[in-house]
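Basis for what follows: all heavy atoms, side chains included, without hydrogens, waters or symmetry-related copies. Everything numeric in this text was worked out from a predicted model, so none of it was measured. Just so it is clear: chains get the letters A, B, ... in the order the sequence lines come, proteins before strands, and each one is counted from 1.
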There are 2 protein chains.
Amino acid sequence: MTESSPEPDSRTRLARAAVDAFGARGFHGTTTRDISTAAGMSPAAMYVHHRSKEELLFELARVGHVRVLELARASVARSSDPVTQLGDLVEDFARDHAVSHTGARVINYELAALSDDHLAQIRAIRHDIDTVLRDVVSRGVASGVFSTPDPQMTSLAILSLGIDVARWYRDEGRWTPDEVAAHYRLLALRMVGASHDG
Amino acid sequence: MTESSPEPDSRTRLARAAVDAFGARGFHGTTTRDISTAAGMSPAAMYVHHRSKEELLFELARVGHVRVLELARASVARSSDPVTQLGDLVEDFARDHAVSHTGARVINYELAALSDDHLAQIRAIRHDIDTVLRDVVSRGVASGVFSTPDPQMTSLAILSLGIDVARWYRDEGRWTPDEVAAHYRLLALRMVGASHDG
DNA sequence: AGATGGTAAGCAAGCGCTTAGTCACTCGGC
DNA sequence: GCCGAGTGACTAAGCGCTTGCTTACCATCT
């Protein structure tokens with residue numbers, strides 16, 4: 001848990017302001033002035049730390065995606081049973097997308113604003129995240145504990161379900177992140193036709 | 001099936017150009033010149049048919065949402081068995097979001113650009129769509145053919161899954177809309193713990 | 001004659017980003 | 001211990017361009 005009450009440094013304040021602004025109004029709906037003034041600085045301050053508005057978005061997307069990839073790998077590493085692995089992965093993934101819904105919204109729905117080169121780098125990380133999940137599903141199918149006519153599409157659907165939490169989840173909403181996470185674990189296990197719950 | 005080769009009228013060309021542009025670059029990333037020139041007209045032409053760029057988006061969102069609501073009602077009306085109803089609804093919903101993925105992307109991910117008043121009108125239609133699905137799930141649970149610890153969250157998840165098809169589906173992709181639809185039918189029925197497939 | 005659907009030209013505001021400079025701080029040489 | 005050169009973070013001002021939208025006008029159809 002990182003402390004948050006003592007005023008963080010400028011780079012951090014800029015990053016947080018950018019996430020909030022991009023999340024609320026989108027990349028193109030956000031001005032560089034929005035970001036810098038929300039961070040308590042002048043319009044030019046952003047350019048001390050980032051070469052352009054697009055590079056700031058890229059930095060947020062890169063860090064955010066790496067974080068999710070590591071989260072996914074850690075979830076899977078805690079067990080060697082596909083049922084537990086899938087359950088843990090989906091639970092952690094869904095919880096994270098509920099807790100960090102604004103950040104997740106930005107890095108999932110603003111990617112079209114990235115340059116071709118930057119987008120390619122992000123897609124590479126996303127591919128790795130896909131692979132973590134797909135491998136778990138494949139191993140479950142191979143060992144007979146999962147049953148699905150199309151493991152690839154089922155994997156995609158499970159990932160899709162988790163990502164979309166970032167779109168609909170609200171802090172003042174009906175469910176806590178843990179409640180969403182627990183239910184999504186069950187849903188994912190049903191989707192793969194798991195014989196028993198993990 | 002509407003014909004598309006004979007040049008459609010200006011309003012239609014504007015609407016199509018707007019969907020394409022909003023879908024590709026987002027509302028704020030699209031200029032009024034993008035739209036009107038893509039429709040083969042001068043920059044001012046948009047204002048003959050729409051009061052502002054925001055009202056054009058609202059019109060697209062309104063028509064698109066009404067279309068989906070009617071699609072959902074029609075799917076459910078074809079049967080009185082909850083298993084068949086849910087299967088048909090999810091199948092039609094997923095297929096539609098794959099076929100019309102650009103339009104669906106616009107009306108699901110650009111809503112933040114609407115005025116408060118217009119957003120409220122769209123939310124009302126979305127609420128009706130939610131209700132159609134939730135009623136089917138509730139009736140299935142009540143009659144014992146479905147089994148889920150939280151019918152409301154399960155309904156939301158099924159809807160979420162269908163909407164997110166618009167985000168990831170590509171025309172040049174691995175699956176046809178019908179393949180996605182068929183698989184999503186199965187996934188949804190598993191998610192509600194349906195005793196038998198419909 | 002009036003309504004309808006369109007254009008050419010352009011305005012005021014806002015945009016991303018740059019420039020030139022200020023300020024607080026660090027650090028090696030004497 | 002003190003000093004001047006260098007460094008990194010930041011701002012005031014504003015440039016050149018693009019934005020959404022308006023105005024004045026025109027052509028066609030009823």
Nearest-Å distance, CG (B:D34) to P (D:dC21)? 14 Å
Within the 4.0 Å heavy-atom criterion, would you say A:S36 contacts the bases, only the backbone, or no part of the nucleic acid? nothing
CD1 of A:I35 versus C1' of C:dC17: gap in Å, rounded? 13 Å
Heavy-atom side-chain proximity of B:F93 to B:L159 below 4.5 angstrom: yes
Expressed in angstrom and rounded to an integer, what is the separation of B:R51 atom CZ from D:dC21 atom C1'? 14 Å
Grab the NZ-P distance between B:K53 and D:dG20 for me, whole Å please. 4 Å
Taking only the side-chain heavy atoms of B:S10 (C-beta and beyond), determine which of C:dG6, D:dA13, C:dG16 contains the nearest atom. C:dG6
Could you check whether B:D164 pairs with A:R167 (Lys NZ or Arg NE/NH1/NH2 to Asp/Glu carboxylate O, under 4.0 Å)? no
Compute whether any side-chain donor of one residue and acceptor of the other, for A:R25 and B:H28, lie under 3.5 angstrom apart. no
Distance check needed: C:dG14 C1' versus B:H28 NE2, whole Å only. 14 Å
Neighbours of DNA chain C within residues 105-116 of chain B, by heavy-atom distance under 4.0 Å: none
To the nearest angstrom, the CG-P distance between B:L14 and C:dG6 comes to 8 Å
Sidechain N-carboxylate O distance under 4.0 Å for B:E70, B:R73: no
Does a nitrogen or oxygen in the side chain of A:S42 sit under 4.0 Å from OP1 or OP2 of D:dC10? no
Name the closest nucleotide to the B:T31 side chain, picking from D:dT19, C:dC17, C:dT7. D:dT19
Residue met sooner reading DNA chain C from 5', once A:A44 and A:G29 are mapped to nucleotides: A:G29
Between C:dC17, D:dT11, D:dG20, which nucleotide gets closest to the side-chain atoms of A:A45? D:dT11
B:M46 CE - D:dT22 C1' separation (whole Å): 12 Å
Any chance the side chains of A:E54 and A:H118 put a donor and an acceptor closer than 3.5 Å? yes
Roughly, in whole Å, what's the span from CZ in B:R13 to C1' in C:dG6? 11 Å
From D:dG14, D:dT11, D:dC21, pick the nucleotide closest to the side chain of A:R33? D:dG14
Please determine whether side-chain contact (heavy atoms from CB on, under 4.5 Å) holds for the pair B:F22 and B:K53, giving the CA-CA distance in whole Å, both sets of side-chain angles, and the decisive distance to 0.1 Å. CA-CA 11 Å; B:F22 292 159; B:K53 192 174 79 158; 4.2 Å; yes
Options D:dG20, C:dC15, C:dT18, nucleotide nearest the side-chain atoms of A:Y47: C:dT18
Output yes when at least one side-chain N/O atom of B:H49 is less than 4.0 Å from OP1 or OP2 of C:dT4, else no. no
Under 3.5 Å, is there a donor-acceptor pair between the B:Q85 and B:R139 side chains? yes
Please work out if B:M41 contacts a base, only the sugar-phosphate, or nothing of the nucleic acid, heavy-atom cut-off 4.0 Å. sugar-phosphate
Electrostatic pair A:D116:A:R123 at N-O distance under 4.0 angstrom: no
Looking only at D:dG20, C:dC17, C:dT7, the nucleotide nearest the A:S52 side chain is C:dC17
